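Written out below as structure tokens is the structure these notes cover.
Small disclaimer: the values here were computed from a predicted structure and weren't measured. For reference, positions follow the sequence shown, starting with 1. Every number for a ligand or one of its atoms is a count from 1 in the order of the listing.
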Amino acid sequence: MSHPRLLPRPVAARSVPGEFPLDAATTITAPGAPATTAAWLQSALRPATGLPLPVTDEQSESAIVLTLRPELGPEAYRLESGPTGVRIEGGDTGGVFYGCQALLQLLPPRIYRNSRISDERWAVPGAVVEDAPRFGWRGAMLDVARHFLPKREVLRFIDLMAMHRLNTLHLHLTDDQGWRVEIRRFPRLTETGGWRRSSQLGSTIDDLTEDRPHGGYYTQDDIREIVAHAAERGVTVVPEIDVPGHSQAAIAAYPELGVTHEQLEVMTRWGVSPHTLNAEESTIDFFRHVFDEIMALFPSAFIGMGGDECPKDQWKGDPRTQELIAERGLADENALQSWFITRIAAHVAERGRRVFGWDEILEGELPPGVAVASWRGMTGAVTAARRGFDVVSCPDDQVYLDYRQSEHPDEPIPVSVPVTLADAYAFDPVPDGLSDEQAARVLGGQANLWSEHMDTPRMVDYYAFPRLCAVAEALWCGPDQRHFDEFSTRLYDAHLPRLDAIGVEYRPRTGPLPWQTRPGIVGAPATKADHEAHMNRRVAAIRS
Ligand code: ACM
């Protein structure tokens, strides 16, 4: 081996002579490093090796040693393996953990299996790896609202994120089509809002319906487990409760939250519901309570409040909403949306957290401290950074992993433009045209998995991988360290065998397997030119 074939690619890595055998005498010690990371490493190495690998304080001839070395910096690590042992130093707990992940990747792919499958001996090849991330926000968003992802699958997805050194899981917990988190004070949010009678299949053009109820939600204990499992793996879970649009499931549960107060059902079609929240003080109060329960469950610095795609037609046509706009001295419905966001943001800020919203929130005034997810291309990133807000980049044409992976005619339910592996790999969260100070506002980026067309965990695997491997590397390494051909070779030769061992049903290089296709569903593919023109119109209001 000329150099270790890790993914994401480390800043520096080289092979050195010798190897470190793993055997019955091998121990793990963690002087000064977190016991949870040592325990995690033991649990990661034991099943496939069948070795005991005790975690001990005692000096041993044959040890994997984990230590903290703060001067390395956040999430950075140094790994050295050779005949005398393996030494992993981390700048912090996350760094030690990533050193452990690197150690797994130095071993053959069968290390990822859940049991021993051969009598071959285990040895860590000699290597020196020095590594640190480019960005602090390396994320993925799971839309568990359109299709619920069972808790065990969320835990597995977190494991896969951690393997790729992704550290932020944005959970899109509510939408028109479902409410997925238990709120003790308002049980109908999940009793009523947690399921729908039927689901649209494909796009509007397809005009197909699956007449089978869909639902599910996470109890508060499920959420505590998800958050703790993620934290043990260096992953922060950022929750999102989407308001004041994308709220039909909440309105179905509590009609008094809606503009018309009519009894609605949880939406069964995709797209954006015309039914939005009303702007009464009582509705703000309701969501203050919801966010309080959310903040008690999720310790993240950022709390998502959506803010995207809020149609203003109901507000325009509703005399009571017009009265509220006049009473509050607001100019129009856009100002009312800002009023709504500002009220929630103030409540979140009072509890020491910051709100995180989609780039539509730039259509009005925003309080300081808000972070903006730029999704309609990079216009939101540029505007937010210039206005002094922090940015998480997730431009749809590069990292919306629900978009089709190629022009292959068998891609399942093709929507929008192709986002190929190369497109995802070319992602750079920092847009052109910013000063250094503005560029420093870019916290990082994330890939988004909208789940309208991912009705099973198998399809989440298909859409996510291998493109998420490319995004992970784009967020870890600077552009000068990235070379697509080299990445592809490393991915296909060294990394996909790891995913095979885990059982990830990624998209094969040659196209979908027969059971990954969806024959007869047209979807809504778009050309790049049409898509660009469409997005340019949509972001006109936030262009700076
Ligand atoms: C979004 O894709 N509506 C944020």
Thr236 side-chain N/O to Ser300 backbone N/O, donor-acceptor pair under 3.5 Å: no
Proximal atoms of ligand 1 relative to Trp450 (non-hydrogen, under 4.0 Å): 1 (C), 2 (O), 4 (C)
Tyr506 and Gln516: side chain donor to acceptor below 3.5 Å: no
His246, any N or O under 3.5 Å of ligand 1 N or O: no
Exercise: do Ser282 and Asp285 side chains pair donor with acceptor under 3.5 Å: no
Ligand 1 N/O within reach of Trp375 N/O, cut-off under 3.5 Å: no
Residue, atom name and distance, where the atom is the protein heavy atom closest to atom 3 (N) of ligand 1: Asp308 OD2, 2.8 Å
Shortest protein contact, atom 2 (O) of ligand 1 (heavy atom only): Tyr400 OH, 2.7 Å
Cation-pi, Trp476 ring and Arg9 (6.0 angstrom, 45 degrees): no
Passing option when Leu277 is tested against Phe287, Trp315, Phe286 for side-chain contact (heavy atoms from CB on, under 4.5 Å): Phe287
Distance-only N or O hit between ligand 1 and Glu309, under 3.5 Å: yes
